[in-house]
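Heads up: the structure comes next, in structure tokens.
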Amino acid sequence: AVAGNIISWLLDGTRVLGSWLGRVFWGHGIATAALTAFLLQVPARPMHAHVALHNPASRRVLQKCGFQVVGTGRFTGLDSGPCDELILKLEV
């Protein structure tokens, strides 16, 4: 079964990370293991990630993998209202 996905791309010259994990797979360490393996395969740094303020589990996964909070923002999705977010960065 596919548990989720991880992707990285350049956005205005900045390397960005995005991920999604199906709810049935939450809480089993899969996201941390997958992100750790991904970061070994994609050495481009610095890398940024944005995470909704109301999503502490995703923030913990990023921080376990070395990302640090560097700022805040506000995101308005295509099918959702505004959402406060944290901006995280992985240097090395």
Side-chain angles (χ1 to χ4, degrees):
V2 175
N5 62 57
I6 300 175
I7 187 171
S8 181
W9 68 98
L10 284 175
L11 179 64
D12 298 328
T14 300
R15 172 72 46 194
V16 181
L17 173 85
S19 64
W20 174 86
L21 185 67
R23 184 180 299 260
V24 69
F25 299 100
W26 292 0
H28 301 285
I30 294 169
T32 302
L35 182 55
T36 298
F38 180 86
L39 293 171
L40 290 173
Q41 295 296 313
V42 181
R45 305 290 187 271
M47 189 177 294
H48 292 80
H50 296 241
V51 63
L53 195 58
H54 65 265
N55 189 347
S58 289
R59 181 178 65 237
R60 280 193 304 274
V61 167
L62 290 163
Q63 289 176 317
K64 285 180 188 178
C65 291
F67 284 78
Q68 296 182 338
V69 175
V70 295
T72 60
R74 189 150 178 87
F75 174 77
T76 302
L78 297 175
D79 59 352
S80 63
C83 172
D84 291 325
E85 65 181 5
L86 294 173
I87 302 165
L88 294 93
K89 182 177 182 181
L90 178 63
E91 289 284 352
V92 180

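Computed from heavy atoms alone, side chains included, the values below leave out hydrogens, waters and symmetry copies. Owing to the predicted nature of the structure, the values given are computational and were not obtained by experimental measurement.
- Judged as a side-chain contact (heavy atoms from CB on, under 4.5 Å), and not counting sequence neighbours, the contacts of Leu10 are Arg15.
- Through direct or indirect side-chain contacts shorter than 4.5 Å among Ile, Leu, Val, Met, Phe, Trp and Tyr, Leu21 is connected to Val24, Phe25, Trp26, Ile30.
- Val61 belongs to a hydrophobic cluster whose other members, connected by ILVMFWY side-chain contacts under 4.5 Å either directly or through intermediates, are Ile6, Leu17, Leu35, Phe38, Leu39, Val42, Met47, Val51, Leu53, Leu62, Phe67, Val69, Leu86, Leu88, Leu90.
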May I have the step-by-step check of side-chain contact (heavy atoms from CB on, under 4.5 Å) for Thr32 and Cys65, ending in yes or no?
CA-CA 7 Å; Thr32 302; Cys65 291; 4.3 Å; yes

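- Separating the NE2 atom in His50 from the OG1 atom in Thr72 is a distance of 11.0 Å, to the nearest 0.5 Å.
- Take Asp84 and apply the side-chain hydrogen bond (donor to acceptor under 3.5 Å, both in side chains) test, not counting sequence neighbours, and it matches Arg74.
- Between Lys89 and Val70, the closest side-chain pair of non-hydrogen atoms falls below 4.5 Å.
- In this structure, OG1 on Thr36 lies 9.5 Å from NZ on Lys64, to the nearest 0.5 angstrom.
- Annotation: side-chain hydrogen bond (donor to acceptor under 3.5 Å, both in side chains) contacts of His48 (sequence neighbours excluded): none.
- Applying the side-chain contact (heavy atoms from CB on, under 4.5 Å) test to Ala33 and every residue at least two apart in sequence or in another chain returns nothing.
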